[in-house]
Chemist: 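Have a look at this one.
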Amino acid sequence: MPITIYHNPKCGTSRNTLDLIRNSGAEPVIIEYLSQPPSKAELQKLIAAMCVPVREVMRQKESLYADLQLSDSKWSDDALIDFMLLHPILMNRPIVVSNLGTRLCRPSELVLDLLPDPQVGAFTKEDGEVVIDAMGQRVHPSV
């Protein structure tokens, strides 16, 4: 099964996630969901596979979320999904699907649990945070 990423190239987290996938030697199927939104059945399947509430898949900080008053509990999950299909910008990203699972990869390092192959080299996020060292090992931030 190929790795698939629902990607927004304008999003730093999405770009970092894509680069981490590629740093494992894989070339994923890239779905730029803003121009190629999933069908309702596909989105429902993604949400079910992630075992998360529908609202967790929505970009609640997106101004459109507030404009449409989507935080109101009157909206059913089905209605929220319809809003994401009508306005794909409301869909949070990146979502990655592999044979190891499906996950919203925020932060981008969450993708590491979905990659069947190890990292092949160092990786530093766009913001300068080192995630993978020169030996291909995950660097855990100091707490």
Side-chain angles (χ1 to χ4, degrees), residues 1-66 68 70-73 75-143:
M1 173 184 186
I3 297 168
T4 300
I5 180 171
Y6 289 81
H7 179 60
N8 179 349
K10 293 182 180 179
C11 170
T13 300
S14 198
R15 289 190 304 269
N16 284 324
T17 301
L18 176 58
D19 289 345
L20 280 164
I21 294 168
R22 288 177 168 156
N23 198 47
S24 75
E27 183 55 40
V29 173
I30 300 169
I31 299 173
E32 291 190 19
Y33 70 91
L34 291 175
S35 59
Q36 297 176 275
S39 69
K40 186 169 189 172
E42 290 168 329
L43 185 53
Q44 289 169 323
K45 184 178 174 182
L46 288 169
I47 293 167
M50 290 186 284
C51 299
V52 298
V54 171
R55 286 184 195 280
E56 224 173 278
V57 183
M58 298 187 81
R59 295 193 64 229
Q60 295 181 27
K61 293 181 180 177
E62 176 63 42
S63 61
L64 188 58
Y65 185 88
L68 295 171
L70 296 178
S71 62
D72 191 318
S73 61
W75 300 114
S76 68
D77 287 350
D78 196 54
L80 293 172
I81 288 170
D82 287 340
F83 277 112
M84 284 189 280
L85 296 172
L86 189 58
H87 306 285
I89 193 69
L90 289 169
M91 192 171 129
N92 214 341
R93 78 291 178 150
I95 294 174
V96 177
V97 179
S98 81
N99 62 349
L100 297 176
T102 302
R103 177 177 273 176
L104 174 62
C105 294
R106 297 189 75 81
S108 55
E109 312 72 290
L110 292 176
V111 76
L112 296 171
D113 297 332
L114 298 178
L115 301 177
D117 296 316
Q119 297 288 289
V120 295
F123 181 81
T124 302
K125 287 180 168 183
E126 292 178 3
D127 67 3
E129 179 185 350
V130 177
V131 178
I132 305 295
D133 67 19
M135 302 301 290
Q137 300 299 308
R138 187 170 182 175
V139 175
H140 295 281
S142 321
V143 180

Chemist: If you round to the nearest 0.5 Å, how far is CD1 of Ile30 from CZ of Arg22?
Modeler: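 The CD1 atom of Ile30 is 4.5 Å from CZ of Arg22, to the nearest 0.5 Å.
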
Chemist: My understanding is that only one of Val96, Leu46, Asn92 makes a side chain to side chain contact (heavy atoms under 4.5 Å, CB included) with Tyr6; could you say which?
Modeler: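 With Tyr6 as partner, Val96, Leu46, Asn92 yield a single side chain to side chain contact (heavy atoms under 4.5 Å, CB included), made by Leu46.
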
Chemist: Within this structure, what is the CD1-CG distance for the pair Ile47 and Leu104, rounded to the nearest 0.5 Å?
Modeler: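 Interatomic distance, Ile47 CD1 to Leu104 CG, rounded to 0.5 Å: 10.5 Å.
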
Chemist: Taking all non-hydrogen atoms of both residues, which atom of Cys105 and which atom of Thr13 are closest, and how far apart?
Modeler: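 In this case the closest contact between Cys105 and Thr13 is O-CG2, 3.5 Å.
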
Chemist: What distance separates Arg103 CZ from Ile95 CD1, expressed to the nearest 0.5 Å?
Modeler: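 Interatomic distance, Arg103 CZ to Ile95 CD1, rounded to 0.5 Å: 12.5 Å.
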
Chemist: Nearest heavy-atom pair of Leu110 and Arg106: which atoms, and what distance?
Modeler: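 In this case the closest contact between Leu110 and Arg106 is CD1-O, 3.3 Å.
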
Chemist: Looking at Met135, I want to see if its CE is surrounded by more than 12 non-hydrogen atoms of other residues, nucleotides or ligands under 6.0 Å.
Modeler: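 No, CE of Met135 has 12 or fewer neighbouring heavy atoms, counting only those of other groups under 6.0 Å.
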
Chemist: If you look at every heavy atom in Leu20 and Ser108, which pair is closest and at what distance?
Modeler: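 What the structure gives for the nearest pair is CD1-O, 3.7 Å.
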
Chemist: I want to check something: taking the side chain as every heavy atom from C-beta on, are Asp78 and Lys40 in contact at a cut-off of under 4.5 Å?
Modeler: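 In short, these two side chains touch, coming nearer than 4.5 Å.
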
Chemist: Just by modelled atom types, is the Arg55 backbone N or O under 3.5 Å from a matching donor or acceptor in the Gln60 side chain?
Modeler: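 Checked: pair present.
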
Chemist: Under a 4.5 Å cut-off applied to non-hydrogen side-chain atoms, are Val131 and Gln119 in contact?
Modeler: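 They are not in contact (no side-chain heavy atoms under 4.5 Å apart), so the answer is no.
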
Chemist: Does the side-chain contact (heavy atoms from CB on, under 4.5 Å) test come out yes or no for Leu115 and Ile21, once each step is laid out?
Modeler: CA-CA 7 Å; Leu115 301 177; Ile21 294 168; 3.9 Å; yes

Chemist: Check whether any side-chain heavy atom of Ile31 sits under 4.5 Å from a side-chain heavy atom of Pro38, and report yes or no.
Modeler: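 A side-chain contact is absent here, since even the closest heavy-atom pair is not under 4.5 Å.
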
Chemist: In Å and rounded to the nearest 0.5 Å, what is the CG to OG1 distance from Leu114 to Thr102?
Modeler: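 So the gap between those two atoms works out to 7.5 Å.
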
Chemist: Verify, without hydrogens or angle tests, whether Asn23 (side chain) and Gly121 (backbone) share a donor-acceptor contact under 3.5 angstrom.
Modeler: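 A pair under 3.5 Å: yes.
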
Chemist: Can you tell me if Arg15 uses its side chain to pair, donor with acceptor, with the backbone of Lys10 under 3.5 Å?
Modeler: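 Between the backbone of Lys10 and the side chain of Arg15 there is a qualifying donor-acceptor contact (under 3.5 Å).
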
Chemist: Taking all non-hydrogen atoms of both residues into account, name the closest pair between Met84 and Val57 and its distance.
Modeler: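 Smallest heavy-atom distance, with atoms named: SD-O, 3.8 Å.
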
Chemist: When you check the gap from the basic side-chain N to the acidic O, do Lys125 and Asp19 get nearer than 4.0 Å?
Modeler: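 Between Asp19 and Lys125 there is no salt bridge, as every charged N stays at least 4.0 Å from the carboxylate O atoms.
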
Chemist: Shortest non-hydrogen contact from Ser24 to Asp117?
Modeler: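 Smallest interatomic distance, heavy atoms only, reads CB-O, 3.5 Å.
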
Chemist: Would Leu34 and Met91 satisfy side-chain contact (heavy atoms from CB on, under 4.5 Å), going step by step from the backbone distance to the final call?
Modeler: CA-CA 9 Å; Leu34 291 175; Met91 192 171 129; over 6 Å; no

Chemist: Measuring only between side-chain heavy atoms, which start at C-beta, is Ile132 closer than 4.5 Å to Arg138?
Modeler: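 Ile132 reaches Arg138 side chain to side chain.
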
Chemist: Which heavy-atom pair separates Ser98 from Ile3 by the least distance, and what is that distance?
Modeler: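 So the minimum-distance heavy-atom pair works out to CB-CG1, 3.9 Å.
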
Chemist: Can any side-chain N or O of Asn16 pair as donor or acceptor with the backbone N or O of Glu126 at less than 3.5 Å?
Modeler: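 A pair under 3.5 Å: yes.
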
Chemist: Take atom NZ in Lys45; do more than 12 heavy atoms of anything else shown fall under 6.0 Å from it?
Modeler: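 Counting other residues, nucleotides and ligands, NZ of Lys45 stays at 12 neighbours or fewer.
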
Chemist: Nearest 0.5 angstrom please: Leu90 CG to Ile81 CD1, how far?
Modeler: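 Taking CG in Leu90 and CD1 in Ile81, the distance rounds to 12.5 Å.
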
Chemist: Do Thr17 and His7 pass the side-chain contact (heavy atoms from CB on, under 4.5 Å) test, and can you show the C-alpha distance, the side-chain angles, and the key distance before you say yes or no?
Modeler: CA-CA 9 Å; Thr17 301; His7 179 60; over 6 Å; no

Chemist: Can you tell me how far apart CG (Asp82) and CG (Leu43) are? Round to the nearest 0.5 Å.
Modeler: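 Going from the CG atom of Asp82 to the CG atom of Leu43 covers 9.5 Å.
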
Chemist: Are the side chain of Ser14 and the backbone N or O of Arg93 linked by a donor-acceptor pair below 3.5 Å?
Modeler: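 Here the side-chain-to-backbone pair does not exist.
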
Chemist: Hey, is the main chain of Met58 close enough, under 3.5 Å, to the side chain of Tyr65 for a donor-acceptor pair?
Modeler: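 Here the side-chain-to-backbone pair does not exist.
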
